[in-house]
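So you know, we letter chains A, B, ... as the sequences are listed, proteins then strands, and number each from 1.
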Number of protein chains: 2
Amino acid sequence: MENTHFKVRMRVWIETETGETLYGEGQIGILEAIEKEGSINAAAKSLGMGYRSMWGRLKKIEQRIGTPLLVRRKGGVLGGESVLTSEAKLMIEKFRQLQQQINDAAKKIHTCIYS
Amino acid sequence: MENTHFKVRMRVWIETETGETLYGEGQIGILEAIEKEGSINAAAKSLGMGYRSMWGRLKKIEQRIGTPLLVRRKGGVLGGESVLTSEAKLMIEKFRQLQQQINDAAKKIHTCIYS
DNA sequence: AAACGTTATGTCAATACAAACATAACGATT
DNA sequence: AATCGTTATGTTTGTATTGACATAACGTTT
C-alpha cells in the first residue's frame, strides 16, 4: 500500500444552514478576476468563459447571498465597468483564508495516514 | 458579517498524481453497502440506486485502481454474492479516517475564522 | 447624433451524466 | 432439466448543466 503517489484533493464551499450552496472556488475565482480586470466582460475572457455564462453565475450568487457583490456601470467612454463591493472583498478574503488553512491541515493529515 | 449561520462544507477524494479521480465518498459508500449487504444488487437497493448504475461505477473504480475490489460469484442457491477484497477494506478504513480528521480540523478552522 | 464597449437577458443547441429497459449467462438446489 | 436471484452488459431515454447565438439598452466621448 505504499501509495504516496496518491493525492488527496478537496473542495470547500459555503452553504446556508438549510443546505443551499452559496459559493465556492468557482465563484470566488470569478470575483477575483473581476477585481483584477475591472469588468465582467474582461474577466470572462481572462477565465476563458463567455460573458453570458459569467453573468448568469453572478446573478445566481447575488440572489442567493442577498447582497450585491458588484457595483455595475454601463455606458461611458470605456463602455462600462464593474467593481467589487466591500462585502465581496471580505468574502474573498475569508474564503481564501479558510481554504488555505484547511488545505494545510489536510496535507499534514494525509502524510500522517498514508506514510 | 456575523455569519455563524453559514456552513462550511467539503468533499474529499483521492486522485492519481496525474490528476485522474480514483475514488471519493460515493465509491466508498458503495463499497460499504456491499460489505454490509453481501451483494451488489442488495447494496444498490439499499442505496436507492439501480444495479446497472452501481455495477458501472464499480467497474470504473476497479479499472482505475488496477486491483479488484470485489470477489464476485454468480449462480448458486442464492444466485450469487460479492465480498470485498482486503484491499477494498483497507481503502475504506483509510479514507474514512482521513475524511473524519479533515472534517474535524475544518470545523476548528471555521469557528476560528468566522467567529 | 454616431460610435464604441460594456451591461443585461432571452433562447436554443450541445453535451454530459444518470436512470430505466432489456437480455444473457451462471450455477447450486429442487 | 427447471427455477431462482445474482452478476454482466448493451442500448435507450431522460434530464440537467453548460455553451453559443442574438439583441437591446446605456452613457460618455467624438
remark   = Per the 3.5 Å Watson-Crick/G-U criterion and a run length of at least three, the stems involving DNA chain C are C:1-30 with D:1-30

key: Nucleic acid contacts of residues 41-70 of chain A, taken as heavy-atom distances under 4.0 Å to DNA chain D   = A:Arg52, A:Ser53

Can any side-chain N or O of [X] pair as donor or acceptor with the backbone N or O of [Y] at less than 3.5 Å?
X       : Y       : answer
A:Arg64 : A:Thr21 : yes
A:Gln27 : A:Gly24 : yes
B:Thr85 : B:Pro68 : yes
A:Ser53 : A:Gly50 : no

key: Set of residues satisfying salt bridge (charged side-chain N to carboxylate O under 4.0 Å, His left out) with respect to B:Glu15, sequence neighbours excluded   =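 Salt bridge (charged side-chain N to carboxylate O under 4.0 Å, His left out) check on B:Glu15 returns A:Arg9.
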
task = List for me each residue that meets salt bridge (charged side-chain N to carboxylate O under 4.0 Å, His left out) alongside A:Arg96, sequence neighbours excluded, and say none if there are none.
result = A:Glu25, A:Glu32

inquiry  = Within the structure provided, determine whether B:Val83 and B:Arg72 are in side-chain contact (heavy-atom separation under 4.5 Å).
reply    = no

Ion pair check, B:Glu81 and B:Arg73, cut-off under 4.0 Å = yes

request  = State yes or no: do A:Trp13 and A:Ile92 share one hydrophobic cluster built from I, L, V, M, F, W and Y residues joined by side-chain heavy-atom distances below 4.5 Å, directly or via other members?
outcome  = no

task = Spell out protein contact along nucleotides 25-30 of chain C as letters: B when the base is contacted, S when just the sugar-phosphate is, - when no protein heavy atom is under 4.0 Å; keep the 5' to 3' order.
result = -BBSS-

Pair B:Val8-A:Phe95, side chain to side chain contact (heavy atoms under 4.5 Å, CB included): steps then yes or no = CA-CA 10 Å; B:Val8 173; A:Phe95 182 82; over 6 Å; no

task = Can you see which heavy atom on A:Leu84 is nearest to which on A:Ile34, and at what distance?
result =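 Here A:Leu84 and A:Ile34 meet closest at CD2-CG2, 4.2 Å.
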
inquiry  = A:Glu35 vs A:Lys89, test: side chain to side chain contact (heavy atoms under 4.5 Å, CB included). Steps then yes/no.
reply    = CA-CA 9 Å; A:Glu35 184 174 36; A:Lys89 289 179 186 172; 3.7 Å; yes

query = Going 5' to 3' along DNA chain D, which nucleotides are the first and last within contact of chain B (any atom under 4.0 Å from a heavy atom)?
reply =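 Terminal contacting nucleotides, 5' to 3': D:dG5 to D:dG10.
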
message = In whole Å, I'd like the distance from the CD atom of A:Glu81 to the P atom of C:dG5.
response = 16 Å

